[in-house]
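What follows is a set of notes on a single structure, which appears directly below.
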2 protein chains.
Amino acid sequence: MFKALADPTRRKILDELTERDGQTLFEICARLAMKYQLASSRQAISQHLDVLEDVGLVETRREGRYKFHHLNTAPLEPIVERWLKPRSGRESE
Amino acid sequence: MFKALADPTRRKILDELTERDGQTLFEICARLAMKYQLASSRQAISQHLDVLEDVGLVETRREGRYKFHHLNTAPLEPIVERWLKPRSGRESE
DNA sequence: ACAATAGGCAAGTGGACACTTGCATGTCAA
DNA sequence: TTGACATGCAAGTGTCCACTTGCCTATTGT
């Protein structure tokens with residue numbers, strides 16, 4: 001899961017899905033190219049989406065020849081619990 | 001920063017410092033070896049600590065020939081803000 | 001049916017990274 | 001001062017990973 005977040009392109013994809021959920025592969029490619037001048041190929045983005053789906057951060061829904069990608073932030077919450085919560089008694093420091 | 005979290009050994013180091021803050025390199029090595037049967041060498045752990053210090057997750061304090069390592073969770077908080085907060089209006093879903 | 005669109009599969013390549021190895025520096029106790 | 005302890009530096013190595021390349025499958029519209 002953390003490895004999935006290690007790549008800057010994948011983080012941008014998550015940003016993109018945060019802003020506009022349920023996009024197709026082509027939409028994501030187009031918007032990343034426009035916003036960040038990211039010249040990532042379609043296959044590269046597709047592989048990133050596979051990684052994100054494997055760790056549960058992205059869920060997909062097929063509809064005909066379209067595949068919509070949805071964000072799922074649930075896997076992120078254990079991060080907070082793991083290191084932020086155990087020290088929550090020291091927030092005034 | 002996310003790359004620093006991508007390595008499982010580094011995450012275990014953070015766990016270790018969460019449980020017991022301000023350990024030296026040798027302490028961390030010993031405790032990791034005992035707890036997780038991690039046969040990581042001293043140099044490997046040292047390099048991991050360098051990475052964690054570079055991204056600000058660990059801060060160090062020198063005292064004679066000892067170097068104490070302290071956890072700093074501040075760099076983790078933007079993670080929450082970035083993807084969890086923008087969707088906080090949908091928690092009942 | 002056929003062309004166009006949306007996406008998938010898989011092998012190959014270059015670079016980054018975790019780890020080792022070997023030696024060097026600095027600190028403390030006798 | 002000398003030896004033991006705690007840590008630092010740097011080059012070399014093997015593996016993993018992001019990306020490309022080339023071709024394939026499936027769905028839609030005419």
Side-chain angles (χ1 to χ4, degrees), chain A residues 1-17 20-71 75, chain B residues 1-17 20-71 75:
Chain A
M1 215 278 294
F2 296 90
K3 284 183 187 172
L5 291 175
D7 186 85
T9 301
R10 280 197 289 267
R11 293 197 295 274
K12 288 205 176 67
I13 292 176
L14 293 182
D15 289 338
E16 194 50 49
L17 289 178
R20 178 187 169 92
D21 202 33
Q23 298 187 61
T24 68
L25 172 59
F26 266 49
E27 278 181 88
I28 296 172
C29 286
R31 292 169 72 100
L32 285 181
M34 281 188 284
K35 282 193 169 177
Y36 309 100
Q37 280 75 34
L38 266 182
S40 301
S41 71
R42 179 182 61 83
Q43 287 85 349
I45 304 290
S46 175
Q47 287 170 2
H48 282 311
L49 286 170
D50 287 341
V51 173
L52 291 172
E53 191 176 0
D54 282 342
V55 301
L57 283 169
V58 162
E59 291 169 351
T60 60
R61 169 175 54 94
R62 253 224 124 98
E63 222 164 278
R65 59 177 158 178
Y66 299 104
K67 186 177 182 183
F68 299 101
H69 299 81
H70 296 269
L71 187 62
Chain B
M1 215 276 293
F2 297 90
K3 284 184 188 172
L5 291 175
D7 187 86
T9 301
R10 280 197 289 267
R11 293 198 296 274
K12 286 204 177 70
I13 291 175
L14 293 181
D15 288 339
E16 195 50 50
L17 289 178
R20 179 187 170 92
D21 203 33
Q23 298 188 62
T24 69
L25 173 58
F26 265 49
E27 279 181 87
I28 296 172
C29 285
R31 292 169 71 100
L32 286 182
M34 280 187 285
K35 281 194 170 176
Y36 310 101
Q37 279 75 34
L38 264 182
S40 301
S41 72
R42 179 183 60 82
Q43 287 85 347
I45 304 290
S46 175
Q47 287 170 2
H48 283 311
L49 285 170
D50 287 342
V51 174
L52 290 171
E53 191 175 1
D54 282 341
V55 301
L57 283 169
V58 161
E59 290 169 352
T60 60
R61 168 176 53 94
R62 252 223 126 100
E63 220 163 279
R65 61 176 158 178
Y66 300 103
K67 186 177 182 183
F68 299 100
H69 299 81
H70 296 269
L71 187 62

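First the proteins, then the strands, lettered A, B, ... as listed; each starts at 1.
We find that CG of A:Leu32 is positioned 15 Å from C1' of D:dA18, with the value rounded to whole Å. One can place CD of B:Gln23 at 11 Å from P of D:dT7, the figure rounded to the nearest angstrom. Rounded to a whole Å, the CG atom of A:Asp50 is 14 Å from the P atom of D:dC17. Distance CG (B:Asp7) to C1' (D:dC17): 14 Å, rounded to an integer number of Å. Remark: P of D:dA6 and OH of B:Tyr66 are 5 Å apart, rounded to the nearest angstrom. Rounded to an integer number of Å, the gap from CD of A:Gln43 to P of D:dC24 is 15 Å. Between the CZ atom of A:Arg65 and the P atom of D:dT27 there is a distance of 11 Å, given to the nearest Å. In this structure, A:Gln47 places its CD atom 17 Å from P of D:dC16, rounding to the nearest Å.
Put simply, A:Lys3 has no side-chain N or O that comes within less than 4.0 Å of OP1 or OP2 on D:dC16.
For the pair A:Arg20 and A:Gln23, the tightest heavy-atom approach, listed with the atom from each and the gap, is O-NE2, 3.0 Å. What you find for A:Pro75 and A:Val55 is that their closest heavy atoms are CG-O, 3.8 Å. When all heavy atoms are compared, the tightest approach of A:Leu5 to B:Phe2 is O-CB, 3.3 Å. Nearest heavy-atom pair, B:Lys3 versus B:Arg10, reported as atom, atom and distance to 0.1 Å: O-NH2, 3.1 Å. Nearest heavy atoms, B:Ala6 versus B:Arg11: O-NH1, 3.2 Å.
Both B:Arg62 and A:Ile45 lie near DNA chain D, and the one whose nearest nucleotide falls closer to the 5' end is B:Arg62. Comparing A:Ala44 and A:Glu63 against DNA chain D, the residue whose closest nucleotide sits nearer the 5' end is A:Ala44.
Across all strands shown, B:Thr24 has heavy atoms under 4.0 Å from sugar-phosphate atoms exclusively, and none from any base. Among the protein residues, A:Ser46 comes within range of the sugar-phosphate backbone only, with heavy atoms under 4.0 Å from sugar or phosphate atoms but none that close to a base.
Between B:Lys67 and B:Arg62 the shortest side-chain heavy-atom distance falls below 4.5 Å.
The only member of B:Leu14, B:Leu71, B:Leu17, B:Thr60 that meets side chain to side chain contact (heavy atoms under 4.5 Å, CB included) when paired with B:Leu52 is B:Leu14.
Here the range on DNA chain C touched by chain A, meaning any atom under 4.0 Å from one of its heavy atoms, is C:dT5 to C:dA10.
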